[in-house]
Amino acid sequence: SASHRLWPEIEQVVHQQVAWARLGLGDSGTGWQLFAEDGEMRMYRREEEVDGMVVDPLKAVHIVKGITGHEVCHYFFSPQYRYDWETTLEQMTVLETIADDSCLFLQTHKRIWPASQRDVIFWSHIRHLPNDQDRDGPDIWTVVNHSTEHKDYPANSGKCVRIFLTVCMLCQTRVIPPKEGTPITRDNISCKITYCSVVNPGGWAPASVLRALYKREYPKFLKRFTSYVTNQTKDKPIMF
Ligand SMILES: O=S(=O)(CCO)c1ccc(-c2ccc(C3CCCC3)c([C@@H]3C[C@@H]3c3ccccn3)c2)cc1
């Protein structure tokens, strides 16, 4: 709700992340390096360090047939499905339901050797940005996750190292209209996904270890998540 203490930040970060995701990869001079490719999925990163810690921004572009941006964002945002697709998740708690499109999460991720166990607190917001103003503009669905603090869960007070992240799942649905008068089926739709993330791993971890970990985990995550949405939606009516 617009009166919530986080609302101004949610508005500002969502618009900033949508603009960033829609930038694509810019020209070759912008330092994005392709590090993973699988079918229609391409993953890029920029090597950046803050205080000697790896905080490589990541941008992935993927095109998935048969699902819509609304469906991708619905399954990415909704807490009840997360254990089905987020394999590195050990514990997820909804600390606060801010509104029907905004939640506050506490997540602990499984320890991945040799890094110590991590936790994160973030708000998550789902947003539909229709293209009603200019008909041929993009119709966008997005989910933005952005780390924040919570008075009852101070950072690094337990066994976990607190991480900080900003994630944007931005989706554009494409429809190839079928023959005049025939209904749109899943064969006529596809979704272009731009997934952006910047993760500050909190406590120190060797750059080589983190980069190897991300190189393995991010492609696995996006493939597993999009396969999950395909399976969940295949026998259901299309959510446009
Ligand atoms: O898109 S989300 O919001 C989806 C909601 O869950 C999100 C994505 C990624 C993370 C994440 C942050 C840090 C780490 C590392 C840092 C040092 C040790 C643990 C990991 C571990 C590596 C594995 C991982 C990487 C990429 C994707 C999924 N798993 C994951 C958290 C949330």
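Just so it is clear, the model here is predicted, and its values are computed rather than measured.
You'll find the ring centres of H74 and Y81 inside the 6.0 Å limit.
Judged by the 6.0 Å distance and 45° axis criteria, R82 is positioned over the aromatic ring of F105.
No side-chain donor-acceptor contact under 3.5 Å links H62 and D38. Checking R45 against Q33 by side-chain atom types alone, a donor-acceptor pair falls below 3.5 Å. Looking at W141 and E71, their side chains never bring a donor and an acceptor atom within 3.5 Å of each other. H4 and E96 are linked by a side-chain donor-acceptor pair at a separation below 3.5 angstrom, with hydrogens and angles left out of the test. Side-chain contact check for D84 and Y228: at least one donor-acceptor pair (N or O, by modelled atom type) lies under 3.5 Å. No donor-acceptor contact under 3.5 angstrom links the side chains of Q107 and R118, judged on distance only.
K110 has no carboxylate O lying under 4.0 Å from a charged side-chain N of E86, or vice versa, which leaves the two without a salt bridge.
Between the side chain of D139 and the backbone N or O of P130 there is no donor-acceptor pair closer than 3.5 Å.
In this structure, W85 and F225 have perpendicular ring planes: the angle between them is above 60°, well past the 30° mark. Ring geometry, Y195 versus Y218: the interplanar angle falls from 30° to 60°, so the pair is classed tilted.
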